[in-house]
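Reviewing the structure listed below.
When reading the values below, keep in mind they use all heavy atoms of this one structure, side chains included, and skip hydrogens, waters and symmetry mates. Below, chains carry the letters A, B, ... as their sequence lines are ordered, and counting in each starts from 1.
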Amino acid sequence: MQNERIKKLNSNNPLEGDYILYWMQASVRSEYNHALEFAINLANELKKPLLAFFAIYGRYPEANLRHFHFLLEGLDDTEKLLEKRKIKLVCRICDPVNEIVKLSQKACAVVTDRGYLRIQKEWRKSAAEKVKCAFYQVESEAVVPVNEASGKEEFAARTLRPKIHKKLDKYLITLPQGKVGASSLGLKISGEYFAPADFNISQLNNIDKTVFKSPRFTGGETRALETVKDFIETRLHNYDSMRNDPALNHLSHISPYLHFGQISPVHIALLIKNSDAPAAAKEKFLEELIVRRELSFNFCEYNDKYDSHESLPEWAVQTLEGRAIDKRPYIYEMDDFEKARTHDHCWNAAQLEMIVTGKMHNYMRMYWGKKIIEWTPNYKEAYKTAIYLNNKYSLDGRDPNSFAGVAWCFGKHDRPWTRRPVFGSIRYMNEAGLKRKFDMESYIQRVAKLCSDNNYELDSLTHLMEKSNE
DNA sequence: ATCGGCTCGCGCAA
DNA sequence: TGCGCGAAGCCGAT
């Protein structure tokens, strides 16, 4: 494994103890998990068992019933797969840092994976300071380690792209599975820990339960790999020409699994590379999977304001501020947006697709965000609305990709275009463009069917149905 | 149907 | 210092 993935976050040495502790947080999987493999090697060197632990934190920002269902399905899957490798995975509802400190008292060393969001960085920093033994972070969510790709916030994809491409030979390689020496399955740990299968989601008292479990996506690394294989067999070959069409839904559908760390981007990229799809299709997908995704990691890593309008570049701020007094063609409140009650059937369909399935079509995400800017009194409020709704309903919300995606709608990583009201020189999109390029009636019908199949009813849905029956 | 211009700033070439 | 060019677009001219 490449040394650049590994970072020791404190200066302590490995101590005498009962086990190596793998604090699983960002990478909930048994395969292609660099942090897990590093931990296995360390455990074998010290001739100790490896204990894996996941903290179920009910107060995780904006996490709701939908997210916890997906997370727990993944944990259940991974626990069974780790068991085959003689590794015990236990969970507990708790504050992660306190619990890691407690579990580390009997550990030789702690190993964890890496995340780029504020809370993930704070947790690791705080835990590393408090534990007495060695604390390692291993970067397993990026193909090219983020600080290796670039040491600063990048301006756009074109500035990061060559830096990533130069390093792919080194980092886009297979990760062999280490053989576990000492089993941890019989390990007795004092305290109340449980296997994911024994967990009932109703034990999470204080979470938002108004967002129902996604009927479309089931979590877990097994499902993730099946999804990738299905994509390669049935949709990859013409991904480049069909991916943008909302009516076709010709997407990989892998982003929820990537967000929850249930599959590795390295694993996916290798499967894509080794497939026999046309080069153009592979290139488009790998560009999104690696360059665009890791641009969003770069964004969160180097811009602490990644979830706020304050992350925007100067030119975008100037142009948006300059249009503050422009009259908006429509004005909607949060509730109108949330319940998909706008005048625009395409927009409403996109919002409903996200509510009902937990994922919005990639192309519609851009249109959706652009229109929130256009129909909100000011861009700062629009920014909040877009982040709030996406984080609440999308399974791939609260992810660097989501934050970068919203920021893009406001000009981040993009370039200026013809000036116009409200938007200034931020790129504009309109309904005429959608209808010119795609069969939007077919998209609306697809979403209406999704809603009725899942017994999801709303005033705006009735309008959608009427519209699509015209 | 296709094409150029719009508009800004990064980064490479010179 | 100059210049090419960039995630997904729009619009008007041809």
Once you round it to whole Å, what is the distance between [atom2] of [N] and [atom1] of [X]?
X: K437(A); N: dA1(B); atom1: NZ; atom2: C1'; value: 15 Å
X: H413(A); N: dA7(C); atom1: NE2; atom2: P; value: 11 Å
X: D245(A); N: dA8(C); atom1: CG; atom2: P; value: 17 Å
X: R427(A); N: dG9(B); atom1: CZ; atom2: P; value: 16 Å
X: M364(A); N: dA8(C); atom1: CE; atom2: C1'; value: 13 Å
X: K370(A); N: dG9(C); atom1: NZ; atom2: C1'; value: 9 Å
X: Q318(A); N: dC8(B); atom1: CD; atom2: C1'; value: 13 Å
X: I426(A); N: dG9(B); atom1: CD1; atom2: P; value: 12 Å

| Between Y428(A) and R419(A), is there a cation-pi geometry (under 6.0 Å to ring centre, at most 45° from the normal)? | no
| said: Whether K370(A) engages the ring of W347(A) as a cation-pi pair (distance to the six-membered ring centre under 6.0 angstrom, angle to the ring normal within 45°) should be assessed. | reply: no
| said: I'd like to know whether CG of D335(A) has more than 12 heavy-atom contacts from other residues, nucleotides or ligands below 6.0 angstrom. | reply: yes
| task | For E333(A), look at atom CD and say whether over 12 heavy atoms of other residues, nucleotides or ligands are found less than 6.0 Å away. | result | no
| Verdict with reasoning, F54(A) to W23(A), per ring pair (Phe, Tyr, Trp, His ring centres under 6.0 Å) | CA-CA 6 Å; F54(A) 190 98; W23(A) 173 19; 9.2 Å; no
| request: Please lay out, stage by stage, how F70(A) and F260(A) fare under the test ring pair (Phe, Tyr, Trp, His ring centres under 6.0 Å). | output: CA-CA 8 Å; F70(A) 198 88; F260(A) 283 91; 5.0 Å; yes
| said: Within the 4.0 Å heavy-atom criterion, would you say M366(A) contacts the bases, only the backbone, or no part of the nucleic acid? | reply: base
Using atom [atom1] in both nucleotides, what's the gap between [N] and [M] to the nearest angstrom?
N: dC10(C); M: dG9(B); atom1: P; result: 23 Å
N: dA8(C); M: dG11(B); atom1: C1'; result: 24 Å
N: dC5(C); M: dA14(B); atom1: P; result: 14 Å
N: dG5(B); M: dG4(C); atom1: C1'; result: 16 Å

What are the atom names and distances for every N/O pair under 3.5 Å that joins the protein to nucleotides 11-14 of chain C?
residue : atom : partner : partner atom : Å
dC11(C) : OP1  : R420(A) : NH2          : 3.4
dC11(C) : OP2  : N430(A) : ND2          : 3.2

Just to confirm, is there a sub-4.0 Å distance from OP1 or OP2 of [N] to any side-chain nitrogen or oxygen of [X]?
X: K435(A); N: dC10(C); answer: no
X: R243(A); N: dA8(C); answer: no
X: K152(A); N: dG11(B); answer: yes

Please write out each protein N/O paired with an N/O of nucleotides 2-5 of chain B under 3.5 Å, distance rounded to 0.1 Å.
none

May I ask you to say whether [X] pairs ionically with [Y], meaning some side-chain N is under 4.0 Å from a carboxylate O?
X: R66(A); Y: D208(A); result: no
X: E153(A); Y: K412(A); result: yes
X: E441(A); Y: R446(A); result: no
X: D113(A); Y: R124(A); result: yes

| Nucleic acid contacts - residues 296-314 of chain A versus DNA chain C, non-hydrogen atoms under 4.0 Å |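 Those residues whose heavy atoms fall under 4.0 Å from DNA chain C, taken from residues 296-314 of chain A, amount to none.
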| request: Check for a donor-acceptor pair, side chain of S402(A) on one end and backbone N or O of D396(A) on the other, with a separation under 3.5 Å. | output: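 Yes, because the side chain of S402(A) sits within donor-acceptor range (under 3.5 Å) of the backbone of D396(A).
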| Does the T357(A) side chain pair with the main chain of M354(A), one donor and one acceptor, at a distance under 3.5 Å? |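 A pair under 3.5 Å: no.
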If you restrict it to nitrogen or oxygen atoms, what contacts under 3.5 Å exist between nucleotides 4-6 of chain C and the protein, and what is each distance?
residue : atom : partner : partner atom : Å
dG6(C)  : N2   : R158(A) : NH2          : 3.4

Pair up each side-chain donor or acceptor in residues 141-148 of chain A with any protein partner under 3.5 Å, not counting sequence neighbours, and list the distances.
residue : atom : partner : partner atom : Å
E141(A) : OE2  : S27(A)  : OG           : 2.6
E141(A) : OE2  : R29(A)  : NH1          : 2.8
E141(A) : OE2  : R29(A)  : NH2          : 3.3
N147(A) : OD1  : R114(A) : NH1          : 2.7
N147(A) : OD1  : R114(A) : NH2          : 3.0
N147(A) : ND2  : E301(A) : OE2          : 3.2
N147(A) : ND2  : Y302(A) : OH           : 3.0

| said: Run the ring pair (Phe, Tyr, Trp, His ring centres under 6.0 Å) test on W368(A) and H361(A) for me, step by step, so that the C-alpha distance in whole Å, both residues' side-chain angles and the decisive distance to 0.1 Å come before the verdict. | reply: CA-CA 10 Å; W368(A) 177 87; H361(A) 189 279; over 10 Å; no
| remark: Base-paired stretches in DNA chain B with three or more consecutive Watson-Crick or G-U pairs, both distances under 3.5 Å, amount to B:1-6 with C:9-14, B:8-13 with C:1-6
| task | State yes or no: are the ring centers of F438(A) and Y443(A) separated by less than 6.0 Å? | result |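 Not under 6.0 Å, so no.
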| So, for F299(A) and H413(A), is the gap between ring centers shorter than 6.0 Å? | yes
| task | Go through the steps for Y330(A) and H343(A) under the test ring pair (Phe, Tyr, Trp, His ring centres under 6.0 Å), then give the verdict. | result | CA-CA 9 Å; Y330(A) 299 87; H343(A) 65 286; 3.5 Å; yes
